[in-house]
Amino acid sequence: MGPTDQEAGTARSAAKPDRNLALELVRVTEAAALASARWVGRGDKIAADQAAVDAMRHVLDSVSMDGTVVIGEGEKDEAPMLYNGERIGDGSPPTVDIAVDPLEGTRLCALGMPSAIAVIALAERGTMFDPGPCVYMEKMAGGEEIADLLDLDRPLPETLKLIAERKGGSVGDVIVVMLDRPRHEQAMKEVREAGARIRLITDGDVSASLLAVSERSPVDLLWGIGGTPEGVISAAALKSMGGQLIGRLWPRDDEERSAAVDAGYDLDRVLTADDLCSGDDVFFSATGVTDGDVLQGVRYRGPGATTESLVMRSRSGTVRRVHARHDRSKLREIIGERYG
């Protein structure tokens, strides 16, 4: 005998997030930020990343959920914790996909540079895009006001003119954020010849996406070829913040192209934020490690520390900015030396 309608409804409800997990996830990113911040400016990006991973994994065990890491630190043999496919949480409902970057901007942290963050996103099981063999994608992101103008096939100078017209200014007012990479040299030239301005960043795709859609930011547009996993995490944030991110997979060589085609990926398809994260109830949390345009980094004051986080839930469209004060001695009593 099959389940009754009531039983089936109960099962569906149990499988979907029914509480604001974002308020639990902020503890996770705070932990990763506090742990990695002890390595800011010390020149060791591997140690900084490991500290973030250890702290994030430790706190994730206390979250009531049945989670599977979809976007993680790599395959199991490369990442002993937070690897792709790892089960996270205490095993109770809801069942969810998890995307993590315990320390986005490991080099930024190691060198004491701006905009390193700890970040996590969570959505209903099966709703996060699996990048497969494609490490990179061409991306464009902007706020709600210009979301309909984003187009990867239109020449970039034309899009900049449309953005300027939409915002009631000149092209010279438009600022594009992009990664400082040799592959972007031609685009940089086109942007500058069009009269627009560029903010170059050394690392930090997710932070840059937040910058492009934030009302507090002077940046109008994100453009460039960056990480596909970071695109998925950024899409999760935009589900709450608004705006749009579009992307197209960008194989690095013929071998990666063939692997993607053989796996069934359409390399011509333009993916939207809803394609990258299709869930209806998406949670996102990011905590600053070093100071940046979007988030303040960890600050130490005597025996305490402060953090600033962005915490979001797409179902309600709520975006919270959480300022927290932490007593480091009490944290060490609970989980040892992770917080330094």
Side-chain angles (χ1 to χ4, degrees), residues 22 25-42 45-57 59-60 71-73 82 98-122 139 141 177 179 199 201-214 216-217 219 222 224 226-227 229-241 245 277 282-300 305-312 319-324 326 338-339:
L25 295 181
V26 70
R27 296 188 299 109
V28 175
T29 55
E30 286 174 347
L34 287 163
S36 58
R38 301 305 296 160
W39 292 92
V40 169
R42 294 174 65 182
K45 66 179 184 179
I46 294 175
D49 188 49
Q50 190 62 59
V53 171
D54 291 346
M56 180 172 278
R57 184 64 177 81
V59 180
L60 275 169
I71 304 290
E73 291 287 281
L82 297 177
I98 297 172
V100 299
D101 198 341
L103 179 58
E104 185 195 47
T106 55
R107 179 169 57 167
L108 301 177
C109 178
L111 298 180
M113 296 173 66
S115 299
I117 63 174
V119 63
I120 187 169
L122 183 154
K139 287 181 278 192
V177 61
L179 287 166
R199 177 178 292 193
I201 57 172
T202 60
D203 302 276
D205 275 10
V206 176
S207 180
S209 295
L210 296 176
L211 192 63
V213 303
S214 173
R216 297 169 41 161
S217 166
V219 169
L222 162 76
E230 288 83 355
V232 176
I233 297 174
S234 299
L238 266 61
K239 299 279 284 191
S240 297
M241 292 186 75
L245 180 148
C277 185
V282 181
F283 304 89
F284 176 93
S285 179
T287 301
V289 178
T290 59
D291 287 350
D293 292 291
V294 178
L295 287 166
Q296 179 178 289
V298 176
R299 304 273 181 93
Y300 296 103
T306 61
T307 56
E308 182 181 36
S309 305
L310 277 175
V311 187
M312 314 179 199
V319 178
R320 292 179 170 90
R321 191 170 290 269
V322 177
H323 297 265
H326 309 269
R338 283 185 177 86
Y339 294 100

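One is the number of the first residue; the rest follow in order along the sequence. Computed from heavy atoms alone, side chains included, the values below leave out hydrogens, waters and symmetry copies.
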**Request:** Evaluate the side-chain proximity of R216 to R321: yes if any heavy-atom separation is below 4.5 Å, no if none is.
**Result:** yes
**Prompt:** Do you know which two heavy atoms are closest between S309 and T287, and how far apart they sit?
**Reply:** OG-OG1, 2.6 Å
**Asked** Where do A237 and M312 come nearest, in terms of heavy atoms and distance?
**Response** O-SD, 3.5 Å
**Asked** Can you find a pair of side-chain heavy atoms, one from L211 and one from R199, that are under 4.5 Å apart?
**Response** yes
**Request:** Kindly indicate whether the side chain of M113, heavy atoms from C-beta on, has any atom under 4.5 Å from the side chain of D203.
**Result:** no
**Complete:** The reported gap from OG1 in T202 to CZ in R107 (rounded to nearest 0.5 angstrom) is 5.0 Å
**Item:** Side-chain heavy-atom pair V100, V28 within 4.5 angstrom cut-off
**Value:** no
**Prompt:** Minimum heavy-atom separation for G204 to L179, with atom names?
**Reply:** N-CD2, 4.3 Å
**Message:** To the nearest 0.5 Å, what is the distance between CZ on R299 and CG on D291?
**Reply:** 4.0 Å
**Item:** D293 and S217, any side-chain heavy atoms less than 4.5 Å apart
**Value:** no
**Request:** Take T29 and S285 through the side-chain hydrogen bond (donor to acceptor under 3.5 Å, both in side chains) test and state the conclusion after the steps.
**Result:** CA-CA 7 Å; T29 55; S285 179; 2.8 Å; yes
**Asked** Looking at side-chain heavy atoms only, is the closest gap between I233 and E104 below 4.5 Å?
**Response** no
